[in-house]
Amino acid sequence: MTVDTGDFTAWLRDFEGAALLRDTWGDPDWSRGARLEPALVRSLQRFQVGEDGDGASLTAKADQAGDRVYAETIRLFVAEEREHARLLGRLLEAAGAATIPGHWTDAAFVRLRRLLGLRTELVVLMLAEVVALAYYRAVRDGVRDPLAAEVAGRILADELRHVPFHRDRLRRSFEGCSRRSRTAVAALWWLLLAGAVTVVALDHGHALRGVGASRTAFAREVVTAFRGVVADVTRAA
Ligand SMILES: [Fe+2]
Ligand SMILES: [Fe+2]
């Protein structure tokens with residue numbers, strides 16, 4: 001069955017272009033090594049686990065949605081998130097630290113996402129994307145280590161594309177919903193965001209402070225990015 005869910009050709013080209021650029025640039029110079037605060041190491045280890053999801057459930061749901069171009073783009077998106085995990089793994093290695101096998105926040109997040117349909121999974125995934133935006137920006141701008149700043153900058157550049165990519169898919173999937181259900185979705189979404197920001201701010205507060213970002217400033221940045229997304233997705237056409 002083919003369902004027309006909108007044209008994602010421009011996004012497919014965007015992800016293909018980013019992959020090409022990545023190949024052209026090659027890797028950062030890992031031999032420089034990295035000196036990272038222990039709190040930042042622990043924090044990056046948890047983000048590394050989060051980036052390393054297998055993406056199989058999301059890919060399967062995108063396939064079921066029946067839009068071939070979108071499904072193909074989702075595969076490139078999943079590959080990009082895996083690339084983030086690889087970069088963070090190499091950065092940790094350069095700092096003499098190992099990756100960790102798992103963390104409860106990630107396990108809970110993955111379990112929740114598996115239970116959901118594509119649209120709801122994207123709603124939940126968006127929480128991680130806006131949190132990632134603020135997190136990698138804080139690390140890029142505040143960390144003293146140049147290798148860590150480079151890795152955070154590379155990941156941030158991708159996360160800045162991931163947010164509008166998911167937003168476009170979500171906007172389409174909420175087309176035709178009543179004003180009432182959009183309002184309900186927005187309210188529930190904010191509630192989930194509040195929970196996610198609180199967990200991350202508490203769990204990573206120490207590391208964030210180490211790169212010069214207070215918990216409040218971090219939460220404020222997430223909220224600002226999220227506000228635009230919610231307005232775009234749930235606004236009636
Ligand atoms: Fe990522
Ligand atoms: Fe992302």
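Whatever order the structure lists ligands and atoms in, that order sets their numbers, starting from 1. Note that this is a predicted model, so its numbers are computed, not measured.
Of all the N, O or S atoms in Glu81, the one closest to the Fe ion (ligand 1) is OE1. Nearest to the Fe ion (ligand 2), among the N, O or S atoms that His162 has, is ND1. Distances from the Fe ion (ligand 1) to each N, O or S atom of Glu159 single out OE2 as the nearest. Glu129 contributes OE1 as its N, O or S atom closest to the Fe ion (ligand 2).
The cationic atom of Arg182 (NZ for Lys, CZ for Arg) does not lie both less than 6.0 Å from the six-membered ring centre of Phe174 and within 45° of the ring axis. Taking the ring centre of Phe8 as origin, the terminal cationic atom of Arg172 falls inside the region bounded by 6.0 Å and 45° from the ring axis.
Heavy-atom contacts from other residues, nucleotides or ligands closer than 6.0 Å to NE2 of His206 number 12 or fewer. Counting heavy-atom neighbours within 6.0 Å of Gln45 CD, excluding the residue itself, gives a total above 12.
Among the atoms of Asp158, no N, O or S atom falls under 2.8 Å of the Fe ion (ligand 2). The Fe ion (ligand 2) has no N, O or S atom of His84 closer than 2.8 Å. For Glu80, every N, O or S atom stays at 2.8 Å or more from the Fe ion (ligand 2). Between the Fe ion (ligand 2) and Glu51 there is no N/O/S contact shorter than 2.8 Å.
Contact check on Glu175 versus Arg171 returns no salt bridge, with no Lys/Arg side-chain nitrogen under 4.0 Å from an Asp/Glu carboxylate oxygen. For Arg22 and Glu80, the salt-bridge test passes: some basic side-chain N is under 4.0 Å from an acidic carboxylate O.
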